[in-house]
Amino acid sequence: MAGSDLAELAKRRGFFFGSNGAYGGTAGFYTFGPQGAALKRNVEDAWRDRFTLKEGNREIEAPTVMPEAVFEASGHLEGFDDMLVACGECGASHRADHLVEDATDVEDAEALPGEEVEALIADHDIACPACGAPLSGEPVEDFNLMFATDIGPGDSQPGYLRPETAQGIFVEFPRLKEYARGSLPFGITQIGPAYRNEISPRGGLLRLREFTQAELEQFIDPETDEPPLDRVADVAVRLYPATAQAADDGDYLDTTIGEAVDEGVIGSPWVGYYLGVAQEWYERVGVDLDRFRFRQHLAGERAHYAADCWDAESEVDGDWIEIAGFAYRGDYDLSKHDEYGDDAFTVFKRYDEPKTVERATVDPDMSVLGPEFGGDAGAVAAALETLAARDPDAFADETVTVEVDGEPREVDADVADFSVEEVTENGEHITPHVVEPSFGVGRTVQTLLAHAYETDEVDGEERTFLSLRPEIAPTDAAVFPLVTNDERLTDLADRVAADLRAAGLAVSYDDSGSIGRRYRRQDEVGTPFCVTIDRDGVEGDGPETVTVRERDTAAQVRVPVDELADELAALRSGDEFAALRDRYGAVATDVETN
RNA sequence: GCGCCGUUGGUCCAGUGGUAGGACAGUGGCUUCCCAAGCCACUAGCCCGGGUUCGAUUCCCGGACGGCGCACCA
């Protein structure tokens, strides 16, 4: 399938197109048309069903604009910032920090100000790797991939559009853990837009500046929580491990989730579990598994937070594109927010049995320390506490010495009031680890369209159709009166369409043009079933009937009107058309597909 | 960001220094019993800005957008 054919169909039929065309267009922004928006919503609903409802997780909806402090904590302000230097000779752009690190013994050039990096480039006569021209004097420019904005008027505080929906979950963890009644594991999902000011948006829906993510943050106790791996142990997967990518003849590893986790190919059982869940979900919504794989991130491409990471990739137009990432983020995010934020990003883990421990404590007499040490009294008291925990024997003598700001301070042991107490500990505060399946919704939509795009022949005429799964097709069914010059047919068609809509189905009604033309229109937008009202259905003694045509085969079944809504709903839920045919019998037609 | 190429009805294309034509799609008729049929009519377009010119959709410059390559890509 040529990608341009799909792009043309997507534009013509209302799946998606570049935004703001009347104003010249805006690179990196796409609008989903009526078909695309319905398709995307169905994908999101299917994702919600699997990753929120079926897993017993909870979904939230956080703001897309967040204050700067959040991204200082998350690392996005620094880690998302690329220093680029362009060669004045050949125009090639390079990562300035990487050039400096390669040519000098500077290790973390990214942390340096741009002017210093410029100076280092000049001092070391660093040349353009592409053409050899000197880069000295070329400006080093910052590209932070986050969209900046101002929150409020005047001396407003800086804010950013979130670069991933995950941060909206992490920052609310202290409250979210309350809703989970403080116990692990629990999962929070969010479906919504994220923003990255890409230097060069490309490839239609594949690299956008605003895009939709569906993310699950699974919070776990790394010591005790285990995924229900047996549910997906037998799922057969095609893995592309880092070792295979590095090898010249690297082959796929066709295995099962259970084996891959047992053998350590997939490092985390939690990641393994979600790879299995994800693959089953991808199959359900219509990804062609022959054009699907899980690829492990190479060490160098992992995000600043990721310990181990696998991508789900699909093949579209011969290229492999990332459609989801599965990262074991450890305690990176919650630790950082715990450090930077005001609240505690921990949960209290209750021991099986309360522990009785001896704890060395001090209770310094501040009425003595205050007059003696003035403003340093608090620091002295803190130093005493630290010392008590580390070295209780230091309190054996009459006086005890602690160091504050490099100065030794002597305190009477009586004043420190050292004691060893037996205390009962019921548990401890731990920072949960995070497992993050993160899905690109737009890329999934793109994959589904590419994998559903098919051509064949009907009665010798070539046709294009989208073989979308009934669950995610934008329209559930189309309703046609076979001809419009018979009121019995148009009346019944109106009634059938209204009944189906009342039953919650997305129905398209079409009485324009020949019946074949109307079938083709629906084929092109992937409508799985067409309901046609013909004369045979309104004449005779029996109940009123209609024909139901299956998109992919053009086969037809005659179904009583009273049963229609239930039968179509069952088909949408996954029932086979063949079962319907067995129940009601096929309609003999002379239509040939091949 | 750099380089090359491109941008003409909804879509896909042709064409011109004197403002444009086709195909498909669409709409309204005629026709009407199952797969893009036929006939009639209609709707609808030169990406934006500047320059050259009496006159620019056409030539030149710049921009936007798109494709490909490079770079970048949590």
Sugar-phosphate only, base, or nothing, as touched by A/Glu524 at under 4.0 Å among non-hydrogen atoms: base
Residues which pass side-chain contact (heavy atoms from CB on, under 4.5 Å) with A/Glu461, listed by chain and number, not counting sequence neighbours: none
Value in whole Å for how far the C1' atom of B/U32 lies from CG of A/Leu482: 8 Å
Of all pairs that satisfy salt bridge (charged side-chain N to carboxylate O under 4.0 Å, His left out), the ones with a partner from residues 207-217 of chain A, not counting sequence neighbours: A/Glu198-A/Arg207
Rounded distance (Å) that lies between atom P of B/A37 and atom CZ of A/Arg463: 15 Å
Atom pair distance, as rounded to whole Å: CG in A/Asn20 and P in B/A64: 15 Å
Residue list, salt bridge (charged side-chain N to carboxylate O under 4.0 Å, His left out) with A/Asp523, at least two apart or on another chain: A/Arg463, A/Arg520, A/Arg549
Sugar-phosphate only, base, or nothing, as touched by A/Asp523 at under 4.0 Å among non-hydrogen atoms: nothing
What nitrogen or oxygen pairs link the protein and nucleotides 65-69 of chain B at under 3.5 Å?
unit_1: B/C65; atom_1: OP1; unit_2: A/Ala27; atom_2: N; d: 3.3
unit_1: B/C65; atom_1: O4'; unit_2: A/Gly24; atom_2: O; d: 3.1
unit_1: B/C68; atom_1: N4; unit_2: A/Arg202; atom_2: NH2; d: 3.1
unit_1: B/G69; atom_1: O6; unit_2: A/Arg202; atom_2: NH2; d: 2.8

Residues in contact with RNA chain B, drawn from residues 508-516 of chain A - heavy-atom cutoff 4.0 Å: A/Ser512, A/Ser514, A/Ile515, A/Gly516
For atom CZ of A/Phe465 and atom P of B/A36, their distance in whole Å: 15 Å
Atom pair distance, as rounded to whole Å: CG in A/Asp456 and P in B/C35: 15 Å
Side-chain N,O (A/Arg517) to OP1/OP2 (B/A25) below 4.0 Å: yes
Touch class at under 4.0 angstrom, heavy-atom based, for A/Arg207 against every strand present: base
Partners meeting salt bridge (charged side-chain N to carboxylate O under 4.0 Å, His left out) with A/Asp331 (sequence neighbours left out): none
Any residue meeting side-chain contact (heavy atoms from CB on, under 4.5 Å) with A/Arg202, in chain and number order, not counting sequence neighbours: A/Ser200
Show me the protein contacts with nucleotides 4-12 of chain B, counting only N or O atoms at under 3.5 Å.
unit_1: B/U11; atom_1: O2'; unit_2: A/Glu8; atom_2: OE2; d: 2.3

Parallel, tilted or perpendicular: rings of A/Tyr282 and A/Phe292 (30°, 60°): tilted
Residues that A/Glu524 engages under salt bridge (charged side-chain N to carboxylate O under 4.0 Å, His left out), provided they are two or more places apart: A/Arg12, A/Arg13
Sugar-phosphate only, base, or nothing, as touched by A/Ser438 at under 4.0 Å among non-hydrogen atoms: nothing
Distance in angstrom units between A/Arg535 CZ and B/C33 P, rounded: 6 Å
Atom-pair distance (CG on A/Leu298; C1' on B/C73), nearest Å: 14 Å
Whole-Å distance separating the CG atom of A/Leu206 from the C1' atom of B/C73: 13 Å
For A/Arg488, all residues meeting salt bridge (charged side-chain N to carboxylate O under 4.0 Å, His left out), sequence neighbours excluded: A/Asp486, A/Glu539
Watson-Crick or G-U stems involving RNA chain B, each at least 3 pairs long, distances under 3.5 Å, ordered by first number: B:1-7 with B:64-70, B:10-13 with B:21-24, B:26-30 with B:38-42, B:47-51 with B:59-63
Any residue of residues 474-481 of chain A with a heavy atom less than 4.0 Å from an atom of RNA chain B: none
